[in-house]
Amino acid sequence: MSISTVPATTPANLGQLVRDTLASTPVWDLHTHLFSPAFGTPLAGSAGRADPKGLMLWGIDELLTYHYLVAEVFRVVPSREFPYDDYWRMSLSEQADHIWKHLFVERTPVSEACRGVITTLAKLGFDPAEKDLAGYREWFAEQDPDKHVDRVMEVAGVSQITMTNDVFDDNERERWLADPSVASDSRFTPVLRFDPLVCDWKTAAANLHDWDYSVDTELTSNCLAEVRRFLDDWIERSQAVYCAVSLPPSFHYGGAEEMSDGSVVFREAVLPVLAERNLPMALMIGVTRGVNPRLRMAGDGMEKADVTSVARLCTDFPANRFLVTMLSRENQHELCIAGRKFDNLMPFGCWWFVNNPSLIEEITRMRMELLGTSFIPQHSDARVLEQIVYKWSHSREIIARVLTDKYTDLIAAGWPISEDDIVRDAKLLLSDNFSNFISQTRAPYLE
Ligand code: FIX
Ligand code: ZN
């Protein structure tokens, strides 16, 4: 063993190398609200098949009417001047005009959601300084949706888009029932979502009953067996790679004695089916739906939630794996510590209200300091196809900055960092941690 007397130095190009490596490493985007063209699209483009209730959203008008921007435009043109109903009565392109005028033309678009539109347009090859809404509309109308998906994924550096397939959404469910091959597009990975089962059992029970499962609101063993059959049917139909729910801040799991309907369904139906099928469960915790219902989807809020429930779930259900993201900044540290205690817990993403550069940086830095590279730093939550361009461009920059700082500290301490190390770490963070987590084999002692 030799003792080095040469001080380790930071290679001058380290930051650039890390940025370039992150930029060229394909992302598996593990949570979006995007759909493949087979789910229909309201904007026909050159394919000429508009489906007004289609689920694939893309194009400049959808980008401008993203619910993050709807919330922001009402701060600038308040509802006492321009009532909510007047906004909702407008056509999509009129709403987009309104947002464009007030947030982009008459103000500086510095918010993260506004900057996102600019980044997206620039990376798609436009000069955003031209501020030419009509020109953007024309260009999108000329695109073929299917080819456009390829192009956008390439520009965004995303190799796999994970959908959110909400079985309680009539529009979506009917598309699955009408054509089971609706999800055969290999670019899009299905995920089964069923919030009402856990958050609103009465509604879920009435639905399951209508769909020919012999379910009553009373949670008898027969009823729970039928919920399991329902889940089995839909996991089979969708070929979901994991299942997911969004939960309110009040979500509480207190153990086997917890008797709320949602807890019983979760404990006795959802988790056993997923354990049996060896599929992870994603919990997205902290959303308060409809804080201002007049803003519709833009009107959801958030509060701090209870991380001890996550820890108890991980303890009580060792045969289940949990992907967890939380909406409150205040929950992030506790979630990281839970991640250190439970290997069946994978913290993921900077969700929604923490998906801003300052908070992404803080959270990513903290996660890396506490979990090394064993977490999933980001998901896009994109609702409009082209949003993956900005969401990943902005996040990759931040992840690269954090990684560079950590490498610099290691180099200063005498640990060399090679290009292969950077490539391996980038892959872990942008795709492998997720693909490894969903494909983990069951531990033999749990059989
Ligand atoms: O529950 C969810 O999956 C949330 O991400 C959405 O409901 C939310 O509207 C959203 O788009 C956040 O980014
Ligand atoms: Zn989401």
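Just follow the structure's listing: the first ligand is 1, and inside any ligand the first atom is 1.
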Could you give the N/O to N/O pairs under 3.5 Å linking ligand 1 and the protein, each with its distance?
| unit_1 | atom_1 | unit_2 | atom_2 | d |
| --- | --- | --- | --- | --- |
| ligand 1 | 1 (O) | R193 | NH2 | 2.7 |
| ligand 1 | 1 (O) | S246 | OG | 2.5 |
| ligand 1 | 1 (O) | R289 | NH2 | 2.8 |
| ligand 1 | 3 (O) | H31 | NE2 | 3.2 |
| ligand 1 | 3 (O) | H33 | NE2 | 3.1 |
| ligand 1 | 3 (O) | R193 | NH1 | 3.0 |
| ligand 1 | 3 (O) | R193 | NH2 | 3.4 |
| ligand 1 | 5 (O) | H33 | NE2 | 3.4 |
| ligand 1 | 5 (O) | W351 | NE1 | 3.0 |
| ligand 1 | 5 (O) | D381 | OD1 | 2.9 |
| ligand 1 | 5 (O) | D381 | OD2 | 3.1 |
| ligand 1 | 7 (O) | R289 | NH1 | 3.1 |
| ligand 1 | 7 (O) | R383 | NH2 | 3.4 |
| ligand 1 | 9 (O) | H67 | NE2 | 3.0 |
| ligand 1 | 9 (O) | R383 | NH2 | 3.1 |
| ligand 1 | 11 (O) | H67 | NE2 | 2.9 |
| ligand 1 | 11 (O) | R383 | NE | 2.7 |
| ligand 1 | 11 (O) | R383 | NH2 | 3.4 |
| ligand 1 | 13 (O) | Y68 | OH | 2.6 |

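Neighbouring protein atoms of the Zn ion (ligand 2) (N, O or S, distance under 2.8 Å, waters ignored): H31 NE2, H33 NE2, D381 OD1.
Ring centers of F437 and F348: at least 6.0 Å apart, outside the cut-off. F82 has its ring centre less than 6.0 Å from the ring centre of H98. Between W211 and F168, the ring center distance clears the sub-6.0 Å criterion. Ring centroid separation for the pair F126 and W139 comes in under the 6.0 Å cut-off. In this structure, the ring of W58 has its center no less than 6.0 angstrom from the ring center of F35.
Geometrically, R237 does not engage W176 in a cation-pi contact defined by less than 6.0 Å to the ring centre and at most 45° from the axis.
A donor atom on one side chain and an acceptor atom on the other are found under 3.5 Å apart for T162 and W28.
Using a 4.5 Å heavy-atom cutoff, the side chains of L197 and F230 are in contact.
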After noting the C-alpha distance and the side-chain angles of S246 and R289, does the key distance pass the side-chain hydrogen bond (donor to acceptor under 3.5 Å, both in side chains) rule?
CA-CA 10 Å; S246 262; R289 299 281 179 200; 3.3 Å; yes
